[in-house]
> 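For reference, the structure I am asking about is given below.
Note on naming: letters A, B, ... go to the chains in the order of the sequence lines (proteins, then strands), and numbering restarts at 1 for each one.
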There are 2 protein chains.
Amino acid sequence: MDALDRKIIAALRLNGRATYAELGRTVGLSASSVHERVGKLEAAGVITGYHATVNPSTVGLGVTALVGIQPTDTAEDNDVAEELGALPEVESCYAVAGDEAFVVKVRVPTVDDLEHTLGRLRRIAGVARTRTTVVLSTRFEGRPNNTVLEDPPPTGA
Amino acid sequence: MDALDRKIIAALRLNGRATYAELGRTVGLSASSVHERVGKLEAAGVITGYHATVNPSTVGLGVTALVGIQPTDTAEDNDVAEELGALPEVESCYAVAGDEAFVVKVRVPTVDDLEHTLGRLRRIAGVARTRTTVVLSTRFEGRPNNTVLEDPPPTGA
DNA sequence: ATTGAAAGCCTCTGGCG
DNA sequence: CGCCAGAGGCTTTCAAT
């Protein structure tokens, strides 16, 4: 991973539909070189995918909440995580330090659906309690931090 | 927004680099029709962008934390949010219900950087206290929930 | 690792149903 | 709205450096 790879990654984080030809013009390589580099970055698991981002409320997901999951004494974290993953309304799932085992981000159409989803979360084996923080507004989200890619890493990644 | 638009959106959430020709084959339209529909979805603010997703630790962002921001009595939420947005390591920022005004997701290279960032968060005018939850592992993140797009909405989006 | 060439596919516009 | 047609651009592979 050299500076050129980092520039390519930064460009693709900003515009995931950038063409290889465009990327090549941006970083000063031929399209075929960019093509090969991107393929290697994908194969190496650096680039994990490309996704359109959507305004959630326009697709009927206007309610967001952050839910802390307190486990029972005997809970198996991996089993709980798997069940959390089985619910499509759970968009993200982080295992965390503290009394809670996980914090998940939930997106649903309405507060009624939120109530329903929280019920399902509490019914998961190994879940003792949930603590819900309702999101009032999303100021920004998933902003790519490219500073670490633009500046050469001081000590190494 | 009809069922075809929803199918196109679902496909682009899964693969943001899908070509119009591919999308057309998937949904049963010509490439030019898909091209026009996608253009309208972008113009309408339904599709807000396309982004490569990257394994954060491979680009030197191995430490993630969720930080609750407790405001002072006199804090102006919008001013605080703006200052939070000025820090590139703050990837997401949600205004929330509860004693905290915001919950932010922070990504930094090391725990030393986290300490440094938390210091800067606390020094923002209007921030009284921070409460930090360190992420131990990301089980999954930003999963597109396409169920709401696949199933026709019962009452309407 | 990078490049240029070449065939095929895709984009994107304009015009027509 | 959707389709076709077409010129131009892009992708992808390959051999050479």
Side-chain angles (χ1 to χ4, degrees), chain A residues 1-55 57-60 144 146 148-153 155-157, chain B residues 1-55 57-60 144 146 148-153 155-157:
Chain A
M1 259 252 287
D2 59 8
L4 258 34
D5 282 332
R6 287 193 291 270
K7 276 190 194 174
I8 292 169
I9 293 167
L12 282 172
R13 289 224 274 183
L14 294 172
N15 176 15
R17 280 181 87 78
T19 66
Y20 298 123
E22 276 178 290
L23 294 168
R25 286 188 287 267
T26 301
V27 306
L29 281 178
S30 68
S32 42
S33 291
V34 173
H35 184 258
E36 185 174 352
R37 278 173 178 262
V38 171
K40 285 181 181 172
L41 289 168
E42 290 168 356
V46 177
I47 295 174
T48 56
Y50 305 89
H51 305 280
T53 56
V54 169
N55 182 337
S57 56
T58 64
V59 295
N146 282 337
V148 72
L149 297 169
E150 284 152 9
D151 308 334
T155 58
Chain B
M1 259 250 287
D2 60 8
L4 258 33
D5 282 332
R6 287 194 290 271
K7 276 190 193 174
I8 292 169
I9 293 167
L12 281 172
R13 289 224 273 184
L14 294 172
N15 176 15
R17 280 181 86 78
T19 66
Y20 298 123
E22 276 178 290
L23 294 168
R25 287 188 287 267
T26 301
V27 307
L29 281 178
S30 69
S32 45
S33 292
V34 174
H35 184 257
E36 184 175 355
R37 279 171 177 263
V38 171
K40 285 182 183 173
L41 289 168
E42 291 167 358
V46 176
I47 295 174
T48 56
Y50 305 89
H51 305 280
T53 56
V54 168
N55 181 337
S57 57
T58 65
V59 295
N146 283 337
V148 74
L149 297 169
E150 284 152 7
D151 307 334
T155 59

> Identify which nucleotide among D:dC3, D:dC10, D:dT12 has an atom closest to any side-chain atom of A:Y20, counting heavy atoms from C-beta outward.
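Minimum distance to the A:Y20 side chain belongs to D:dT12.
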
> In whole Å, what is the span from the CD1 atom of B:I8 to the C1' atom of D:dG2?
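Going from CD1 in B:I8 over to C1' in D:dG2 covers 12 Å.
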
> Using 0.5 Å steps for rounding, measure from the CG atom of A:L12 to the NZ atom of A:K7.
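Answer rounded to 0.5 Å: 14.0 Å.
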
> Would you mind telling me which of D:dG2, C:dC10, C:dA1 lies closest to the side-chain atoms of B:T19?
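Of all the options, the side chain of B:T19 is nearest to C:dC10.
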
> Grab the CG-C1' distance between B:L23 and D:dG2 for me, whole Å please.
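Rounded to whole Å, this separation is 16 Å.
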
> With rounding to the nearest 0.5 Å, note down the distance linking CD1 in A:I9 to OG1 in B:T58.
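Answer for the CD1-OG1 pair, A:I9 versus B:T58, is 6.5 Å.
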
> What is the distance, rounded to the nearest whole Å, between atom CZ of B:R25 and atom C1' of C:dT11?
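Rounding to the nearest Å, CZ of B:R25 and C1' of C:dT11 are 13 Å apart.
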
> How close or far is atom P of C:dA1 from atom CZ of A:R37, stated in whole angstroms?
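From A:R37 CZ to C:dA1 P: 8 Å.
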
> How long is the line joining CD of B:E42 and C1' of C:dT11, in whole Å?
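So the two atoms are 13 Å apart, to the nearest Å.
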
> Under 4.0 Å, heavy atoms only, any strand: does B:S32 hit a base, just the sugar-phosphate, or nothing?
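Touches a base.
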
> Looking for any heavy atom pair under 4.0 Å, which part of the strands does A:E36 touch: base, sugar-phosphate only, or nothing?
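Counting heavy atoms under 4.0 Å across all strands, the contact made by A:E36 includes a base.
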
> State, to 0.1 Å, how close B:M1 and A:V59 come at their nearest heavy-atom pair, and which atoms those are.
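Smallest heavy-atom distance, with atoms named: CE-CG1, 4.4 Å.
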
> Between B:R17 (side chain only) and A:A18 (backbone N and O only), is there a donor and an acceptor less than 3.5 Å apart?
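Yes, the answer is positive, given that a donor and an acceptor are paired below the 3.5 Å cut-off.
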
> From D:dC3, D:dT11, C:dT11, pick the nucleotide closest to the side chain of A:R17?
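It is C:dT11.
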
> Of the options D:dC3, C:dC12, D:dT13, whose atoms approach the side-chain atoms of A:H35 most closely?
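Within the option list, the nearest is D:dT13.
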
> Categorize A:S33 for me: base, sugar-phosphate, or nothing, with a 4.0 angstrom heavy-atom threshold over every strand shown.
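The residue A:S33 makes base contact.
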
> Closest nucleotide of DNA chain C for B:A18 versus for A:L29: which of these residues is on the 5' side?
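That would be A:L29.
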
